[in-house]
Amino acid sequence: TDNDVLVLNDTKVLPSRIYGHKVDTNAFIEVLLLKEVEPNVWKALTRPARRVKVGTKISFKDGLLVATCIEEGEDGERLFKMEYQGIFLEILEEIGTMPLPPYIHEELKDQDRYQTVYAKDYGSAAAPTAGLHFTKELLEKCKQKGVQIEYVTLNVGLGTFRPVSSETIEGHHMHSETYKMTKETADALNKAKEEYLEAETISEELVNEFEKLLSVTEELTSKEISVF
């Protein structure tokens, strides 16, 4: 209704699952890119992690992309320095596949099937899956009913893939994720709050961000937010 504000996460999933071979032994390695922490340096998960040490070089598609491990982390995390010619995203689109969740077993022939229809900015390691239910036609019907639609960007990260290994909530380390929201969206949400309109968020990941950011008054760009 015209009393509703619908908040959507317009993040776009990177085709971040890439398969390569160690330069020295030709051993098969799977790499899941999570986040670019600085120019051409990526945090990633590797499998099998035991085969990837500092100094390990992995070649993808006959050297189109070469990743050198520069740091080892916990639970299979690694930092890689990327070497390539051209535009990284174009290379990723050529060699990468979508990081589908384990409950999807069917091969994804169309990569866009794992994107929301309103996805805009690349940055996520997984889709905000609740948003996959929306079609352009459904969103148009919402607008026709007077629903105000606003967008924020929350890049889904490592926590989506990391299982809970602790028996208590306190013992489970939760990740942080990057978000951004324009001042115009912040103003619209604050106005909705003041006027007691119903503001609905799509996706569990977005709920936590939304609750913490309702009081903002200026544009937020590339900020980190803890899930808990």
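Residues Glu77 and Leu45 form a side-chain contact, since some pair of their non-hydrogen atoms from C-beta on lies under 4.5 Å apart. Between Leu189 and Met181, some side-chain heavy-atom pair lies under the 4.5 Å cut-off.
Residues Ala49 and Gly76 share a closest heavy-atom pair of CB-CA, 3.7 Å. Smallest separation of non-hydrogen atoms from Asp10 and Tyr151: OD2-CB, 3.8 Å. For the pair Pro99 and Ser16, the tightest heavy-atom approach, listed with the atom from each and the gap, is CG-OG, 3.6 Å. Closest approach of Tyr114 and Val13 over heavy atoms only: O-CG2, 3.8 Å.
The OG atom of Ser59 sits 11.5 Å away from the CG atom of Asp24 when rounded to the nearest 0.5 Å. Between atom CD of residue Gln111 and atom OG1 of residue Thr97 there is a gap of 6.5 Å, rounded to the nearest 0.5 Å. Of the inter-residue distances, the one linking Leu34 atom CG with Arg78 atom CZ reads 12.5 Å to the nearest 0.5 angstrom. Once rounded to the nearest 0.5 Å, the distance linking NZ of Lys12 with CD of Gln115 reads 6.0 Å.
Within 6.0 Å of CD in Gln85 there are 12 or fewer heavy atoms belonging to other residues, nucleotides or ligands.
For Lys53, the side-chain contact (heavy atoms from CB on, under 4.5 Å) test picks out Thr56, Glu72, with sequence neighbours left out. Applying the side chain to side chain donor-acceptor pair (under 3.5 Å) rule to Asn40 yields the partners Tyr84; only residues at least two apart in sequence or on another chain are considered. The side chain to side chain donor-acceptor pair (under 3.5 Å) test applied to Glu93 returns Tyr122, not counting sequence neighbours. Residues meeting the side chain to side chain donor-acceptor pair (under 3.5 Å) test with Ser124, sequence neighbours left out: Thr11. Every residue was checked against the salt bridge (charged side-chain N to carboxylate O under 4.0 Å, His left out) condition with Arg51, not counting sequence neighbours, and none meets it. For Glu90, the side-chain contact (heavy atoms from CB on, under 4.5 Å) partners two or more places apart in sequence, or in a different chain, are Ile87.
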Stepwise side chain to side chain contact (heavy atoms under 4.5 Å, CB included) test for Val31 and Ile29: CA-CA 6 Å; Val31 174; Ile29 302 291; 4.0 Å; yes
Evaluation steps, side chain to side chain contact (heavy atoms under 4.5 Å, CB included), between Met98 and Arg113: CA-CA 10 Å; Met98 285 296 179; Arg113 291 290 304 276; over 6 Å; no
Residue pair Leu33, Leu14: steps toward the side chain to side chain contact (heavy atoms under 4.5 Å, CB included) verdict: CA-CA 8 Å; Leu33 301 176; Leu14 287 162; 5.8 Å; no
Pair Lys191-Asp187, salt bridge (Lys or Arg N to Asp or Glu O under 4.0 Å): steps then yes or no: CA-CA 6 Å; Lys191 182 174 184 291; Asp187 289 343; over 6 Å; no
Steps toward side chain to side chain contact (heavy atoms under 4.5 Å, CB included) verdict (Thr116, Phe134): CA-CA 7 Å; Thr116 62; Phe134 282 87; over 6 Å; no
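Linking Ile, Leu, Val, Met, Phe, Trp and Tyr whenever their side-chain heavy atoms come within less than 4.5 Å leaves Leu79 and Leu32 in two separate clusters. Residues Met82 and Ile95 share a single hydrophobic cluster, defined by chaining ILVMFWY side chains whose heavy atoms lie under 4.5 Å apart. Cluster annotation: Ile149 is connected to Leu138 through the hydrophobic network of ILVMFWY side chains, with a link wherever side-chain heavy atoms come within less than 4.5 Å. Ile18 is connected to Val52 through a chain of hydrophobic side-chain contacts under 4.5 Å among Ile, Leu, Val, Met, Phe, Trp and Tyr, so both are in one cluster.
Among Leu132, Leu8, Asp112, Leu139, the one residue that satisfies the side-chain contact (heavy atoms from CB on, under 4.5 Å) test with Val117 is Leu139.
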Check residues 60-70 and write down every donor-acceptor pair under 3.5 Å in which the side-chain atom is one partner and the other belongs to a residue at least two apart or another chain.
unit_1 : atom_1 : unit_2 : atom_2 : d
Lys61  : NZ     : Glu94  : OE2    : 2.9
Thr68  : OG1    : Lys57  : NZ     : 3.0

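Residue pairs satisfying the salt bridge (charged side-chain N to carboxylate O under 4.0 Å, His left out) criterion with at least one member in residues 118-138, sequence neighbours excluded, are listed as follows: Asp121-Lys180. The list of ring pair (Phe, Tyr, Trp, His ring centres under 6.0 Å) pairs with a residue in residues 18-53, not counting sequence neighbours, reads Tyr19-Phe28, His21-Phe28, Trp42-Phe88.
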